[in-house]
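Here the structure comes first, spelled out in structure tokens, and everything after it is commentary.
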Amino acid sequence: MGSAGAAPWRTLARVARMSTAADTDAARRKADAFRNRKARHFVDQLVLAVQAGHGGDGCVAFHREKFVQMGPAGGGNGGAGGSVFVRADPTLHSLARVHKQAVAKNGTHGRGDWLHGRAGADYTIHVPVGTTVRSLGRTWNEREAARADYLADLFAPRRTPIDVEETPALWASRSAVWRHFPRYEDENYARSHFASAEDKLRQELGAQHKIERARPAAQRSAASLSARTEEDPSTVDTAADAGWAIDLAQPTPPDTPGVLLARGGSGGLGNPHFVLDQYRSPKVATRGTPGESLLVALEYKQPSDVGLVGLPNAGKSTLLRCLSRADAEVGAYSFTTLRPNLGVMRLDERGRHLDAPGAAPQPEAARLTLADLPGLVRDAAQNRGLGHDFLRHIERCGLLVCVVDMGPTNPLPSQDVGTLVRELEAYRPGLSQRIALVVANKADLLGGDAVPVADARAKLARLQADVDLLFAPRAVPVVPVAAKWRQNVERVVQTLRALVNPPP
């Protein structure tokens with residue numbers, strides 16, 4: 001009886017253990033999915049294809065009204081294509097919302113009765129402040145490639161006779177430039193006035209090129225200042241230098257459209273442009289010119305007043321939570337932070353921390369932007385670990401704070417400081433000069449039964465001496481804290497306030 005009665009209880013216990021394990025696995029999977037979802041929301045590198053709008057085609061039409069059956073040529077010009085601009089928006093902190101293709105609207109075609117087409121709408125790319133925009137090369141679009149052979153022949157010293165049988169490619173390229181009245185294509189090419197129309201087109205295109213070259217560099221588009229590239233956008237070298245780059249370190253003024261990346265094509269010419277004294281009814285017009293196309297690389301370097309750097313699991317995210325209201329993820333494992341976290345440290349007019357526990361409500365008088373950067377490892381400058389993916393964000397920080405593990409498991413924290421200095425210098429010489437403070441975190445683990453108080457003070461004194469020797473003749477203070485329990489955090493606040501806004 002006893003053994004038979006115990007079997008159901010053992011079954012229930014086994015089911016309970018399986019249920020607990022399943023709940024634990026589900027919680028772990030949910031936490032991993034949440035971390036990955038948060039990480040995907042932050043994008044700091046992107047390659048996008050830029051395509052300005054094409055110009056609308058000119059119209060071949062003749063004015064008709066009562067008692068005027070054979071009116072003059074009345075085809076309107078095509079509208080200009082839209083251009084592509086880029087603006088630095090201070091409300092953005094990631095490139096996640098930037099599409100990989102930026103395409104402006106085409107201009108509409110001209111119509112009869114001298115009605116010109118409408119211009120295409122511009123396309124504006126909004127990027128965060130601190131984004132570097134670099135050209136990877138000007139590319140060929142379909143319309144530009146279709147016109148290239150004929151335009152090269154049009155400006156050649158000696159023209160090539162165009163025949164549909166002998167030069168089919170040149171014939172097709174010419175058809176990509178001209179429009180004709182219905183059923184008049186072959187007849188127009190054979191007429192003697194078509195050579196005069198070509199001369200007018202050559203003069204018009206020459207004038208457009210002359211105007212483009214006369215523009216100051218600040219008014220020219222990035223595409224016109226970039227070298228050509230023949231590579232496919234999916235295989236383009238992101239380190240290529242096409243001769244144009246801009247650093248959007250400041251917000252774009254609201255009264256300007258932004259930086260011009262690609263200019264829209266001009267509209268085609270209607271048939272009134274090709275009226276001759278001896279030929280008053282031209283039956284040809286031109287198609288709109290193609291818009292410029294470009295490949296650009298966007299690289300976002302998150303700007304902040306103070307950047308927290310350190311090895312993995314040093315407590316940078318915990319310190320950020322103490323200094324601001326940022327909800328940075330913390331954990332007892334390495335590489336908890338997979339993307340930079342931003343926080344704002346708010347101060348009142350007396351310099352007191354407004355987000356400290358128990359702080360009285362006061363008007364905000366100043367604020368500092370803090371960036372918790374992912375942990376660096378040895379050889380990070382050689383792109384090991386997270387490497388260059390997050391070293392770039394350190395460039396935008398005005399000051400750097402080294403956060404090191406002061407706990408008993410790290411016998412020599414000054415080695416961590418030396419590792420950070422070497423990696424920063426290897427990535428960019430002079431970058432370690434921005435280190436203004438060393439925070440010795442996890443100091444609460446010292447001074448107990450495991451480590452006597454005297455040994456803890458000696459360890460702190462040795463760290464300060466090594467830091468003085470490493471940064472000499474510059475003075476870099478060392479502040480011990482216990483970020484987990486918010487101990488001595490106020491001293492870090494006051495030190496940062498004095499470093500960013502030194503007293504007179």
Side-chain angles (χ1 to χ4, degrees), residues 93 130 301-311 314-328 330 337 340-360 362-376 390 393-406 413-414 416-417 420-421 424 431-444 460 463-464 467-468 470-471 474-504:
H93 301 286
K301 303 175 184 179
Q302 206 165 37
S304 60
D305 299 319
V306 179
L308 306 179
V309 297
L311 299 185
K316 302 180 295 296
S317 300
T318 306
L319 182 61
L320 181 69
R321 292 167 68 108
C322 296
L323 298 176
S324 67
R325 295 181 180 180
D327 188 20
V330 297
T337 302
N341 296 309
L342 279 184
V344 177
M345 186 176 73
R346 304 183 307 124
L347 305 173
D348 62 9
E349 58 183 6
R350 294 187 179 182
R352 292 175 297 190
H353 191 201
L354 293 177
D355 296 323
Q362 296 289 338
E364 178 184 331
R367 58 171 52 190
L368 297 179
T369 304
L370 311 177
D372 164 32
L373 303 170
L376 301 179
F390 295 103
H393 299 282
I394 299 178
E395 302 179 40
R396 297 291 188 184
C397 300
L399 296 177
L400 296 179
V401 175
C402 281
V403 182
V404 296
D405 186 355
M406 192 67 178
S414 57
D416 296 348
V417 180
L420 294 173
V421 170
L424 293 177
L431 195 57
S432 64
Q433 297 298 317
R434 301 184 189 181
I435 298 178
L437 176 64
V438 175
V439 173
N441 194 22
K442 305 181 183 180
D444 57 306
L460 181 62
L463 175 60
Q464 181 66 73
V467 169
D468 292 341
L470 185 62
F471 294 100
R474 193 164 54 92
V476 176
V478 177
V479 178
V481 300
K484 183 178 180 179
W485 311 109
R486 295 180 176 269
Q487 295 178 359
N488 210 29
V489 173
E490 186 62 30
R491 183 177 172 189
V492 177
V493 173
Q494 299 305 322
T495 304
L496 291 177
R497 172 177 171 269
L499 289 172
V500 177
N501 298 312

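Everything numeric in this text was worked out from a predicted model, so none of it was measured. Residues: numbered from 1 along the sequence shown.
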Carboxylate-amine/guanidinium proximity below 4.0 Å for Lys316 and Asp372: no

Separation of Leu320 CG from Leu342 CG (nearest 0.5 Å): 8.5 Å

Any residue meeting side chain to side chain donor-acceptor pair (under 3.5 Å) with Gln494, in chain and number order, not counting sequence neighbours: Glu490

Reported CG-to-CD1 distance for the pair Leu424 and Ile435, which is rounded to 0.5 angstrom: 5.5 Å

Close side-chain approach of Thr495 to Arg491, heavy-atom, < 4.5 Å: yes

Listed partners of Asp355 passing side chain to side chain donor-acceptor pair (under 3.5 Å), at least two apart: Arg325, Arg346

Beyond-backbone contact of Leu437 with Leu399, side-chain heavy atoms, under 4.5 angstrom: no

Residue pairs fulfilling side chain to side chain donor-acceptor pair (under 3.5 Å) with at least one residue in residues 475-489, sequence neighbours excluded: Asp444-Trp485

Arg352 vs Leu347 side-chain heavy atoms within contact, under 4.5 Å: no

Residues forming a salt bridge (Lys or Arg N to Asp or Glu O under 4.0 Å) with Arg367, sequence neighbours excluded: Glu364

For Asp468, all residues meeting salt bridge (Lys or Arg N to Asp or Glu O under 4.0 Å), sequence neighbours excluded: none

Qualifying residues under side chain to side chain donor-acceptor pair (under 3.5 Å), relative to Thr369, sequence neighbours excluded: none

More than 12 heavy atoms of other groups within 6.0 Å of Arg474 CZ: yes

Approximate separation, where rounding is to 0.5 Å, of His353 NE2 and Leu323 CG: 6.0 Å

Residue pair Leu354 / Pro363: nearest heavy atoms and the distance that separates them: CD1-O, 4.2 Å

Nearest heavy atoms of Asn441 and Ala483, plus distance in Å: OD1-N, 3.1 Å

Separation between CG of Leu470 and OG of Ser432, rounded to the nearest 0.5 Å: 8.0 Å

Donor-acceptor contact below 3.5 Å, side chain Arg396 vs main chain Ser304: no

